[in-house]
> 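One structure, as structure tokens, below. Some questions next.
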Amino acid sequence: MAPKSKLAKIRNIGIIAHIDAGKTTFTERILFYTGRSHKMGEVHDGEATMDWMPQEQERGITIMSAVTSCSWKGHDIHVIDTPGHVDFTMEVERSLRVLDGVVAVFCAVAGVEPQSETVWHQADKYNVPKIAFINKMDRIGADFWGAIAMMGKRFNSVPLALQIPMGAEEKFAGVIDLLRRKAIRWNDQTLGVSYAEEDIPEDFRDEAEHYREAMIEALAEVDDDIANQYLGGEEPAEKDIIEAIRKATLSLKTVPVFCGTALRNKGVQPVLDAVINYLPSPEDIPHIKGTNPRTNEEEIRASSEKDPLTALAFKVMMDEGRKITFLRIYSGKIYVNNDIYNVIKQRKEKLSRILKMHANKRERVEEAGAGDIVAVMGLKTTTTGDTLCDDAYPIILERIDFYEPVISQAIEAKTPGDQEKLTAALEKLLEEDPTLRVKYDDDTAQTIISGMGELHLEILLDRLTREFNTFVNVGKPRVVYRETIQKKTEAEGRFERELGEKKHFGHIRLNLIPAARGTGIEIVWKTDSASIPAEYHEMVETGIHESASSGVLGGYPVVDVKVEIVGGSIREGESTPMGYKIAAATAFKDGCSQGDPILLEPIMTVDIVTPTDFIGDVIGDINGRHGEVQAIAQKGHVSEVHCRVPLKSLFGYSTDLRSATQGRAFYSMQFLGYDKGM
């Protein structure tokens, strides 16, 4: 067998899950067992290596995706531990954009939770292969097969159990490896570092054979070689089964499933083996595609250090005032003190340092190449989503989609000195966080910050004080609305004015038609060039979009309107681009005023898990918030309530829910869309 290439021994993986499923605890075990850290940090003690921000340690949640690297059985594994809270879903999105595979962690008690569904679909969006770890098998109510059934029902892939648990809850003793027909038990005295493989206990043998047969059968449905052996009555060889699982995982047909309890140090090492056996190396992923900005033609780059440099900046972080940019290198190499070309900004920048990250600790290296995820310093203009390449071989990779904020808050500096610091601090936070928006309101002399949720803004305000020593007065959170129209209108805009010694003229007629929710502003030209010459079209559209950025009711952006440009006129020697831009903006504004304008508010999907005893109180409270219950599912002693609720009614909901259920219910929410008030 030919020796493996360097790239074949790299794995770029992310750990994804719903909040509190045990992602960070699981990652801490990976670091401990691979020798990367010599002490297991615990989330509940505020000592997790990967949760290094003070805000993370205090709240026991992950806020920023943290990057680290470790080694396992001769392979380099780059790991990104991602947040589970919906307010920080952008951190997950931009991490998945550059990862080759993920480990999805599920709670054995709750199964597939709302945010785990969201992050799973985010991974699907980027075609990222997955393996699953069903955690917390020692908890009361742990149900391995229940979690697998939920995965089968909610996801578009086949969960393939490669292990079964030996017992559950307080009787959970270890796992049975179905592939090798072995029982695995972990040694509590060594914190799970040592584990023993033994014959399957008598009382689990029939169950193990039954599920091994089911595993082979499921593989036979997606792999012809295994199918031929299975139908011929042959026992497939272990290496053939591993190869078939790998192929099925990489093609997104199956998801290998493992189980254990990270907190009790059981079940982690087989998942590391699975990362190497079943998740892709940079060589296994399709060649990256991009557009050559000089020819506008599609080009590809192979995962090779011999191809021209191609890298994506997927995250920017400020550390003690210095900017660190995280890169995924797809092809080529980078070196310290070399120039690198930012094709989006069309500027060369010098790399002053290249760092291998371990959460917030770092190790300096002189070079990095294809397949690596590294942090670099010295890039002044690069922001999230920019492509970096060799200027002789320019390429633009697909950019990262950003989410629009749904909540805003007014802040103002406490002193004139704080005002200067506030402006500088917000500039740095904006570079770091693409979901943050900042606007200065001249009327009130306040700064309006907008983000993804209450917790998102709370963390930002906390960071202003702690990291930037900037003190602000804070207003109440406010909902970010949108505006639209309810009826079709016709509008006309005419602009004629002499500015300086030049006359400017523009004349345009529009139809404004209500459009479906989520469609934004659609512009359709229904004129000939005799009415409005083609050279003015771009400025007409610019005028419409600028006018749509501030509506007639409350100055909120206008959405979901189809604009038909149906006529206009020209005046020889006087028609100008500026004239048509202003005429179009005026016509759009007038049309909105006449079109029965209304406010649209952000609607959230809310999933509540509550003891069944409190279900009546929970539903009554949701109805009182103008919410709409969509479904109720009972699962043992708890009920899941799925509903839609206006965001404005959810401020302070966590406190109210705890009070109504003696602290025993919890909820998660995510943005659904803008709609009329409920």
> Would you name the heavy atoms of Ala311 and Ile329 that are closest together and state the gap between them?
CB-CA, 4.0 Å

> Which residues pass the side chain to side chain contact (heavy atoms under 4.5 Å, CB included) test with Lys348, not counting sequence neighbours?
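Expected list: Asp339, Tyr341, Asp391.
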
> Tell me whether the guanidinium CZ or amine NZ of Arg328 lies under 6.0 angstrom from the six-membered ring centre of Tyr330 and within 45° of its axis.
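Yes, cation above the ring, under 6.0 Å and within 45°.
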
> Side chains of Asp307 and His287: do they bring a donor and an acceptor to under 3.5 Å?
no

> Could you tell me whether the side chains of Trp186 and Gln269 share a donor-acceptor contact shorter than 3.5 Å?
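Checked: Trp186/Gln269 side chains pair up, N/O donor to acceptor below 3.5 Å.
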
> Assess the residue pair Glu198 and Arg185 against the criterion (salt bridge (Lys or Arg N to Asp or Glu O under 4.0 Å)); give the C-alpha distance rounded to whole Å, side-chain angles, the decisive distance to 0.1 Å, and a yes or no.
CA-CA 8 Å; Glu198 55 191 51; Arg185 294 181 194 270; 2.7 Å; yes

> Given the rule in the side chain to side chain contact (heavy atoms under 4.5 Å, CB included) test, do Arg97 and Leu312 qualify, once you have shown the distances and angles that lead to the verdict?
CA-CA 9 Å; Arg97 173 70 175 78; Leu312 185 74; 3.8 Å; yes

> Once salt bridge (Lys or Arg N to Asp or Glu O under 4.0 Å) is applied, what residue pairs with a partner in residues 274-286 remain, sequence neighbours excluded?
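Counting only pairs at least two positions apart or across chains, the salt bridge (Lys or Arg N to Asp or Glu O under 4.0 Å) contacts touching residues 274-286 are Arg246-Asp284.
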
> Does a donor on one side chain sit under 3.5 Å from an acceptor on the other, for Lys306 and Ser331?
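No pair is found: no donor N or O on one side chain lies under 3.5 Å from an acceptor on the other.
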
> Is the distance between the ring centroids of Phe26 and Phe133 under 6.0 Å?
yes

> Please work out whether the ring planes of Phe155 and Phe106 are parallel, tilted or perpendicular, with thresholds of 30° and 60°.
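Ring orientation, 0 to 90° scale: tilted.
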
> If you apply the rule side chain to side chain contact (heavy atoms under 4.5 Å, CB included), what do you find for Val376 with Arg353, and how did you get there?
CA-CA 6 Å; Val376 298; Arg353 289 185 191 177; over 6 Å; no

> What residue pairs, at least two apart or across chains, pass side-chain hydrogen bond (donor to acceptor under 3.5 Å, both in side chains) with a residue in residues 253-262?
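Qualifying pairs: Asp138-Thr261.
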
> When you look at Lys345 and Thr383, which way does the side chain to side chain contact (heavy atoms under 4.5 Å, CB included) test go after all the steps?
CA-CA 9 Å; Lys345 305 290 193 303; Thr383 52; 2.9 Å; yes

> Given salt bridge (Lys or Arg N to Asp or Glu O under 4.0 Å), test Lys323 with Glu431 step by step and report yes or no.
CA-CA 9 Å; Lys323 179 175 169 182; Glu431 267 201 275; 2.6 Å; yes

> Test salt bridge (Lys or Arg N to Asp or Glu O under 4.0 Å) on Asp462 and Arg466 and set out the steps.
CA-CA 6 Å; Asp462 193 24; Arg466 288 198 204 200; 3.2 Å; yes

> With salt bridge (Lys or Arg N to Asp or Glu O under 4.0 Å) as the test, would you mind laying out the steps for Lys266 and Asp188 before giving the verdict?
CA-CA 9 Å; Lys266 293 178 172 68; Asp188 290 336; 3.0 Å; yes

